[in-house]
Amino acid sequence: MSPSAAPDSLPVGGNAAWSRSMPLQLVYTEVAPIYDKVNFMMTGGQDAGWRRQAVGMLELGTSAKVLDIATGTGAVATALAAERPGVSFLGIDINNRMLEYARQRMKRLTFLRPESSWRVAHCAAERLHDIANQSLDAATIAFAMDDLDDTSAALNEVHRVLRSGGRFVVLEFAVRGGNRTIERCAAAGLTVRRTRSLAAGLVRIHLCVKA
């Protein structure tokens, strides 16, 4: 992923103080130092495996360019490092405190997987202005779809930056009786090809493809 396509500090595109999700972001700021431990405890240690299954469904090739939306502490990058060497990873988030921990993770991964590129940026999913059209092979989002300010705008941006045939994986807790994620993705031109249920149906992974 070239510096021009994905600089380390992409524009947020607006005053984050007016973000709809700011109350939630304040919580994330407070829990950032223990966020990974909390996830481990709340999922019985299964969350890392769920992420690995999610990125495995992408079936990435060598040198794939991958965007992780609402990356938090960058845990999806660890899953990618375990599943697929030789990728170019960019994680974006609007929470600077979470990104501090994500950057620490990227440094470790750069040492462990030097054949790959590991980067994060302060950026809103709804405003990927500095990423070129059809320039990415894949995108991911884990447990954050409903945290976005404007889900429709974010999914439209995902569609824009993915190449034809590019893949988008959504890892989420299942919503009772809902196909909302499938409908949202379809509205943005991302067709859900496969859905996998985990943890007795409490967790789902949707694999979407851009036509």
Side-chain angles (χ1 to χ4, degrees), residues 1 28 35-93 98 101-102 105-106 109 112-113 116-120 125 128 136-148 151 154-155 157-159 161-163 165-175 178-186 188 190-210:
M1 198 172 297
Y28 283 144
Y35 184 73
D36 292 335
K37 293 180 181 178
V38 170
N39 280 339
F40 182 88
M41 292 175 60
M42 290 183 64
T43 67
Q46 297 183 79
D47 61 307
W50 296 340
R51 290 184 179 89
R52 288 186 65 171
Q53 290 193 55
V55 300
M57 288 176 68
L58 291 172
E59 298 180 343
L60 298 172
T62 304
S63 302
K65 299 177 181 179
V66 184
L67 173 70
D68 183 37
I69 296 168
T71 197
T73 61
V76 166
T78 296
L80 272 170
E83 289 292 319
R84 182 64 58 183
V87 300
S88 292
F89 173 87
L90 174 65
I92 63 166
D93 207 296
M98 295 287 272
Y101 292 90
R105 188 189 298 265
M106 298 307 113
L109 290 177
L112 294 171
R113 289 288 196 184
S116 298
S117 172
W118 307 102
R119 306 181 66 194
V120 294
L128 305 177
L136 303 181
D137 299 296
T140 61
I141 185 168
F143 306 117
M145 186 77 86
D146 290 326
D147 294 349
L148 303 175
T151 303
L155 291 174
E157 281 288 83
V158 169
H159 182 273
V161 300
L162 284 179
R163 63 170 175 77
R167 297 187 165 204
F168 176 50
V169 155
V170 180
L171 174 60
E172 65 176 6
F173 290 111
V175 179
N179 290 315
R180 182 171 56 174
T181 296
I182 295 174
E183 293 167 356
R184 285 171 166 175
C185 290
L190 300 162
T191 302
V192 177
R193 292 283 177 83
R194 184 156 45 116
T195 296
R196 179 181 297 173
S197 293
L198 307 171
L202 296 177
V203 174
R204 294 185 301 198
I205 308 171
H206 301 290
L207 172 65
C208 310
V209 178
K210 175 181 174 179

Sub-3.5 Å donor-acceptor pair from the side chain of [X] to the main-chain atoms of [Y], do we have one?
| X | Y | answer |
| --- | --- | --- |
| K65 | S88 | no |
| R105 | T73 | yes |
| W118 | R113 | yes |
| T71 | D93 | no |

Euclidean distance, [Y] [atom2] relative to [X] [atom1], rounded to 0.5 Å:
| X | Y | atom1 | atom2 | answer |
| --- | --- | --- | --- | --- |
| L155 | I141 | CG | CD1 | 7.5 Å |
| D147 | Y28 | CG | OH | 3.5 Å |
| T140 | D68 | OG1 | CG | 3.5 Å |
| L162 | F168 | CG | CZ | 8.0 Å |
| Q46 | F40 | CD | CZ | 10.0 Å |
| L109 | S117 | CG | OG | 11.0 Å |

Which residues share a salt bridge (charged side-chain N to carboxylate O under 4.0 Å, His left out) with R84, sequence neighbours left out
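So R84 forms no salt bridge (charged side-chain N to carboxylate O under 4.0 Å, His left out) with any residue.
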Within-4.5 Å side-chain heavy-atom neighbours: Y101 and D36:
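No; the side chains remain at least 4.5 Å from each other.
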Please determine whether salt bridge (Lys or Arg N to Asp or Glu O under 4.0 Å) holds for the pair D137 and R167, giving the CA-CA distance in whole Å, both sets of side-chain angles, and the decisive distance to 0.1 Å.
CA-CA 7 Å; D137 299 296; R167 297 187 165 204; over 6 Å; no
If a pair satisfies salt bridge (Lys or Arg N to Asp or Glu O under 4.0 Å) and one of its residues is in residues 43-53, list it, with sequence neighbours excluded.
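For residues 43-53, and leaving out neighbouring residues, the salt bridge (Lys or Arg N to Asp or Glu O under 4.0 Å) pairs sorted by first residue read D47-R51, R52-E83.
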Any idea which heavy atoms bring D146 and R180 closest together, and the distance?
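Closest heavy-atom pair between D146 and R180: OD2-NH2, 3.1 Å.
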Name the atoms and distances for all side-chain donor-acceptor pairs under 3.5 Å in residues 191-201, with sequence neighbours left out.
unit_1	atom_1	unit_2	atom_2	d
T195	OG1	H206	ND1	2.8
R196	NH1	Q53	OE1	3.2

